[in-house]
Amino acid sequence: MKKVSTAMAGAVFFGAMAMSTGAFAQASADSTAPAGAATAAAEPLTVTANIGLFSDYRFRGISQTAKRPAVQGGFDISHESGLYAGVWASNISWISDGNSAVSAPIEMDFYGGWKKEIMPDWTVDVGGLQYYYPGTYPSGAFFARPHTFELYAALSWKTVTLKYSHSLTRLFGLVSPDGQDTSNSGYLDLTATYDIGFWGLSAVGHVGHQWVHNFSAAGYTDWKLGLSKDLGKNFTVSVAYVDTNADEKYYTAANSGKVLSKATVVVGLSKTF
């Protein structure tokens with residue numbers, strides 16, 4: 001977050017969309033967020049839910065909670081045709097941390113798309129995601145609302161996924177220093193998971209890059225290395241190292257002075273239903 005404006009606080013990016021449960025958003029990627037389409041099942045229609053507690057909510061490498069804990073959860077419904085939809089939510093603080101006149105403590109994500117195996121081991125996933133931040137905002141056109149809509153497309157081979165997300169609106173309320181729009185910004189995410197085959201452990205590796213249209217200085221690369229353990233009864237505990245090379249002057253909370261892009265370790269406990 002830039003220290004001078006809430007619009008720049010939008011650069012403290014980003015609500016949770018990851019394609020997995022966890023506080024390392026998007027989906028990827030670093031956070032929890034919507035699981036996208038549920039795994040194909042015998043039933044024509046499948047409904048799943050998830051809930052988790054995490055030591056920090058990291059989305060694309062940036063803390064959304066000023067390095068404080070987050071409670072997250074959501075619901076997904078999928079059809080055997082590959083169509084799916086869902087909703088996901090988390091507590092956040094990055095908006096009010098950038099402007100104390102704002103009260104918007106919740107992120108809500110609404111998403112839908114189509115996910116299908118097109119040939120053995122190869123899966124495509126396309127859809128749209130609306131990031132919504134209900135709350136009380138200053139009146140007047142000077143305050144850029146952080147609500148953001150992105151289209152995404154992903155291609156997976158076994159447990160390796162390459163995904164691109166493209167914003168059709170201003171990116172989380174962000175504008176350039178000279179007032180230019182940041183619509184048409186993009187995020188590229190490469191994530192791989194691996195079942196270690198021992199003690200219920202799985203490893204995950206991720207690298208992503210955020211491009212910010214008309215404001216290249218706010219772009220950055222983030223990465224993550226983590227482990228998760230299946231505890232049984234659909235409980236999972238996870239730990240991950242998350243870091244970025246983001247320019248700190250654009251990702252510092254104005255109210256606290258906390259740098260939200262620095263390296264950290266995120267620990268979480270989640271359950272699916």
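All values derive from a computational prediction rather than experimental measurement.
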Could you pull out all residues at least two apart from [X] that satisfy side chain to side chain contact (heavy atoms under 4.5 Å, CB included)?
X    : answer
A217 : F215, Y250
K258 : A66, R68, S256, L260
Y164 : H166, L188
A192 : V160

How would you list, by chain and number, every residue that makes a side-chain hydrogen bond (donor to acceptor under 3.5 Å, both in side chains) with [X], sequence neighbours excluded?
X    : value
Q130 : none
S81  : H79
T65  : D56
S103 : none

Specify whether F172 and F59 have parallel, tilted or perpendicular ring planes, treating 30° as the upper limit for parallel and 60° as the lower limit for perpendicular. perpendicular
Compute whether any side-chain donor of one residue and acceptor of the other, for [X] and [Y], lie under 3.5 angstrom apart.
X    : Y    : result
S185 : H213 : no
Y137 : N99  : no
T161 : S156 : yes

Sequence neighbours left out, what passes salt bridge (Lys or Arg N to Asp or Glu O under 4.0 Å) with D181? Give chain and number order. R170
From the list R60, K163, H206, side-chain hydrogen bond (donor to acceptor under 3.5 Å, both in side chains) partner of D189 resolves to H206
Could you work out the complete set of other residues in the hydrophobic cluster of [X], with links drawn between I, L, V, M, F, W and Y side chains under 4.5 Å apart?
X    : value
L53  : V71
L231 : F235, V237, L269
L151 : F149, L168

Take N50 and Q72, measure what side chain to side chain contact (heavy atoms under 4.5 Å, CB included) needs, and give me the verdict at the end. CA-CA 8 Å; N50 62 84; Q72 307 174 337; 5.9 Å; no
Might you work through the side chain to side chain donor-acceptor pair (under 3.5 Å) test for Y220 and D222, ending with a clear yes or no? CA-CA 7 Å; Y220 65 93; D222 70 284; 5.1 Å; no
When rounded to the nearest 0.5 angstrom, what distance separates NZ in K271 from CD1 in I51? 10.5 Å
Output the distance between atom CG (D230) and atom NZ (K233), rounded to the nearest 0.5 Å. 12.5 Å
Side chains of T159 and Y194 in contact at under 4.5 Å (non-hydrogen atoms): no
